[in-house]
Amino acid sequence: MTRILRTRAELRAALASTGRPVGLVPTLGWLHDGHRSLMRRARADNATTVVTIFVNPRQFNRPDDFERYPRDEARDIAIAEDERVDIVWAPPVDEVYPPGFDTTASVGAVAKPLEGAARPGHFDGVATVVAILFALVGAERAYFGQKDAQQVMVIRQMARDLALPTTVITCPTVREPDGLAISSRNVHLSAAERAAAPVLHRALDAARERWTAGERSGDALRDEMRRVLAGEPLANVEYVSVADGTTLRELATVDGPALLSLAVRFGATRLIDNEPLG
Ligand code: AMP
């Protein structure tokens, strides 16, 4: 039986009598196979699985993006039940940010480039809500997707620095058969944009192939991603990156673990993807 809870008090009461360890899966809802993979991993590792569904206004740097973010709570609950999640916490905004709330968790260097530069304030919003969720749930483990690689790095830094006792676990990116990373935002793509969108994965694959063949120049790998993306007229490139896998600083030479990543717009829809190297 999946319990659907709304308030902090309900959540606290439910957690007082559930089995340990607890695994937490934070989401914005509009659940898909990517989220399902996190729930399955959480269920496999823990006695109790908690999924949170909260479209966090603080992590949307554009009001229109927040407004048009897809929402369907009934469908989300059916998916959580299907995955035999123990607790769904789907709070109203006031339960997460009570009146008078006035604190921001702001992560340093690793939150600054890439998504941090493209979406000012986004990671402050993510770090703040995840800090609250970690404190409220007190889970032994929390599960996040490699799909949002920088987000996991930001959350790991935040949890370590604030001494939160939840271990952050990264799960592999789940893809459609044509390589497109599954995302709630894919629903906004037109048929033509959807057909074009696998170019993100092709660009990452092409750069990875060059790396496997021995290419170590950051510029050559960035050029390779741009070359593949340029073949798709509907793709408007925001950034391509070859960055250090720990600091996310752009690399001139790939001489250790690195992260290939990119952000591309199709019309009004912005997609991101990444591929670790080494
Ligand atoms: P979101 O609801 O988009 O904030 O995502 C909630 C969690 O699911 C985050 O940790 C995401 O990284 C993760 N996630 C989203 N899409 C995927 C995917 N395609 N594969 C794996 N994890 C994902």
Side-chain angles (χ1 to χ4, degrees), residues 23-45 49-62 65-66 68-73 75-77 79-80 83 85 88-91 96 107 111 114-116 119 122-134 137 139 141-159 166-189 194 197-198 200-201 204 259 261-264 269-276:
L24 169 66
V25 180
T27 81
L28 302 180
W30 199 259
L31 302 180
H32 53 60
D33 285 356
H35 301 115
R36 280 187 190 260
S37 75
L38 306 187
M39 295 179 211
R40 280 179 205 163
R41 176 74 196 278
R43 244 176 66 80
D45 291 354
T49 299
V50 178
V51 171
T52 61
I53 298 175
F54 180 60
V55 186
N56 173 31
R58 287 175 182 250
Q59 75 188 66
F60 287 82
N61 52 308
R62 288 175 24 220
D65 190 26
F66 176 69
R68 79 177 204 135
Y69 200 82
R71 296 163 169 89
D72 185 344
E73 193 186 86
R75 183 174 157 279
D76 288 345
I77 288 171
I79 288 172
E83 294 297 337
V85 166
V88 169
W89 194 52
V96 179
V107 171
L114 306 174
E115 291 301 285
R119 304 180 64 193
H122 168 65
F123 282 130
D124 282 3
V126 169
T128 302
V129 79
V130 173
I132 295 167
L133 296 176
F134 280 16
V137 177
R141 306 186 184 92
Y143 298 83
F144 297 89
Q146 173 67 28
K147 154 87 173 26
D148 301 284
Q150 188 179 14
Q151 170 170 277
V152 190
M153 295 169 76
V154 167
I155 289 167
R156 203 169 258 130
Q157 179 87 45
M158 179 279 295
T166 301
T167 302
V168 173
I169 293 173
T170 310
C171 300
T173 301
V174 178
R175 298 178 181 282
E176 301 284 3
D178 62 9
L180 176 64
I182 299 179
S183 163
S184 308
R185 290 191 164 85
N186 294 351
V187 71
H188 294 309
L189 298 169
R194 172 62 188 82
L200 274 79
H201 188 235
L204 292 166
L259 186 74
S261 66
L262 35 72
V264 180
T269 306
R270 183 175 183 278
L271 302 181
I272 59 171
D273 202 348
N274 69 83
E275 177 79 26

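First listed ligand is number 1; within each ligand, the first listed atom is number 1.
Contact of the Asp45 side chain with the Arg141 side chain is registered, since non-hydrogen atoms from C-beta on lie closer than 4.5 Å. By the 4.5 Å heavy-atom criterion applied to side chains, Arg175 and Ile182 are not counted as neighbours.
Side chain of Ser37 to main chain of Gly34: a donor-acceptor pair is present (N/O by atom type, distance under 3.5 Å, no hydrogens or angles).
Figure legend: Arg41 and Phe144 shown without cation-pi pairing, the cationic atom not lying both under 6.0 angstrom from the six-membered ring centre and within 45 degrees of its axis.
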For ligand 1, run through the N/O pairs with the protein that fall under 3.5 Å and put one pair on each line.
| from | atom 1 | to | atom 2 | distance (Å) |
| --- | --- | --- | --- | --- |
| ligand 1 | 2 (O) | Leu28 | N | 2.9 |
| ligand 1 | 2 (O) | His35 | NE2 | 2.9 |
| ligand 1 | 5 (O) | His35 | NE2 | 3.3 |
| ligand 1 | 10 (O) | Gly145 | N | 3.0 |
| ligand 1 | 12 (O) | Gly145 | N | 3.1 |
| ligand 1 | 12 (O) | Gly145 | O | 3.3 |
| ligand 1 | 12 (O) | Asp148 | OD2 | 2.6 |
| ligand 1 | 16 (N) | Ile182 | O | 3.4 |
| ligand 1 | 19 (N) | Val174 | O | 2.9 |
| ligand 1 | 19 (N) | Ile182 | O | 2.8 |
| ligand 1 | 20 (N) | Val174 | N | 2.8 |

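One side chain, Arg68 or Thr269, offers a donor N or O that lies under 3.5 Å from an acceptor on the other.
Screening Leu262, Asn274, Leu180 for a side-chain contact (heavy atoms from CB on, under 4.5 Å) involving Leu200 leaves a single residue, Leu262.
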